[in-house]
Amino acid sequence: RCANLTMDRFRGSAPARVDEKGRLKVPNVFRAQIEEAFGPEIFVTSIQGKNVLLYPLAIWRALEEKLAALPAMHRAKNKFLERVNYYGQDASLDGQGRILIPQILRDAAKLPADVVVTGNIDHLVVSDRGALAGRLATEDFTPEDYDELSKALS
């Protein structure tokens, strides 16, 4: 295992369930990728408290190093850290591929049992499956979105 930050990126989605104890069964496609590249340690957090972000710990540590290089009084840095640390907690995948979502985050996100796990390049996002499907059906990806992305990628 190595903390290879050029690993195959997380992409796609898979349905999943959160049990009554607040444990998420990480879909096997993502679980295998995480364990192979990074091992079982995960930082579980959120920024808005509406969904759950799962970062392999090595990826999260690399992000923390970049944040640590910013000035101590950087307002956006401090706001970001306040949020991710309030909702966040180190966790490990158990033998069945489950990860415990912290109680404070479960209370904020109000996730149902049926969720969807989506790849987001270097981390996973756990969302209410119905809410995400509804948002995708009502929020268009506009020509302006295409233009903005095209400029950023060129």
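In this chain, residues are counted from 1 in sequence order.
The backbone N or O of His123 sits nowhere less than 3.5 Å from a side-chain atom of Asn120 that would complete a donor-acceptor pair. Using modelled atom types, no side-chain atom of Gln89 and backbone atom of Leu105 make a donor-acceptor pair closer than 3.5 Å. Side chain of Lys77 to backbone of Leu70: a donor-acceptor contact under 3.5 angstrom is found. The closest donor-acceptor contact from the side chain of Asp128 to the backbone of Gly130 lies under 3.5 Å.
Here the shortest heavy-atom pairing between Phe30 and Gly119 reads CZ-N, 3.9 Å. When all heavy atoms of Asn85 and Phe43 are compared, the pair lying nearest together is OD1-CZ, 4.2 Å. The minimum heavy-atom distance linking Leu100 with Gly22 is given by the pair CD1-O, 3.7 Å.
Residues Val18 and Arg23 form no side-chain contact, since every pair of their non-hydrogen atoms from C-beta on lies 4.5 Å or further apart. Between Ile104 and Tyr86 the shortest side-chain heavy-atom distance falls below 4.5 Å. At a threshold of 4.5 Å between non-hydrogen side-chain atoms, the residues Val126 and Asn51 do not count as touching. Counting heavy atoms from C-beta on, the side chains of Pro102 and Val44 come closer than 4.5 Å. Phe80 places a side-chain heavy atom less than 4.5 Å from the side chain of Ile47. No side-chain heavy atom of Ser13 sits under 4.5 Å from any side-chain heavy atom of Val117. For the pair Arg83 and Gln48, the minimum side-chain heavy-atom distance is below 4.5 Å. Between Val115 and Val52 the shortest side-chain heavy-atom distance does not fall below 4.5 Å.
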Residues Asn78, Glu82; criterion side-chain hydrogen bond (donor to acceptor under 3.5 Å, both in side chains); working and verdict: CA-CA 6 Å; Asn78 292 329; Glu82 181 178 55; over 6 Å; no
Check the pair Thr118, Phe10 against side chain to side chain contact (heavy atoms under 4.5 Å, CB included), reporting the backbone distance first and the verdict last. CA-CA 8 Å; Thr118 54; Phe10 296 120; over 6 Å; no
CA sep, side-chain torsions, deciding dist, call: Lys21, Arg98, side chain to side chain contact (heavy atoms under 4.5 Å, CB included): CA-CA 11 Å; Lys21 295 179 181 174; Arg98 297 173 304 192; over 6 Å; no
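A single hydrophobic cluster is not seen to contain both Leu132 and Leu111; linkage of ILVMFWY side chains at heavy-atom distances under 4.5 Å, directly or through other members, places them apart. A single hydrophobic cluster is seen to contain both Leu153 and Phe141, as judged by linkage of ILVMFWY side chains at heavy-atom distances under 4.5 Å, directly or through other members.
Of the inter-residue distances, the one linking Leu53 atom CG with Leu124 atom CG reads 9.5 Å to the nearest 0.5 angstrom. Here OG of Ser127 is found 11.5 Å from CZ of Arg129. Values are rounded to the nearest 0.5 Å. Residue Ile59 holds its CD1 atom at 13.5 Å from CD of Glu41, rounded to the nearest 0.5 Å. Remark: Leu54 CG to Arg31 CZ distance equals 13.5 Å, nearest 0.5 Å. The CG atom of Leu57 sits 11.5 Å away from the CD1 atom of Ile34 when rounded to the nearest 0.5 Å. Rounding to the nearest 0.5 Å places CD of Gln33 at 8.5 Å from CZ of Phe38.
Salt bridge Glu65/Arg61: absent, no basic N to carboxylate O contact under 4.0 Å. With respect to Lys25 and Asp19, no salt bridge is recorded, no charged nitrogen being found less than 4.0 Å from a carboxylate O.
When the shell of 6.0 Å around OH of Tyr146 is examined, it contains 12 or fewer heavy atoms from other residues, nucleotides or ligands.
In this structure, Met73 shares a hydrophobic cluster with no other residue, the cluster being traced through Ile, Leu, Val, Met, Phe, Trp and Tyr side chains under 4.5 angstrom apart.
Under 3.5 Å, the side chains of Asp147 and Ser150 contain no donor-acceptor pair of N or O atoms.
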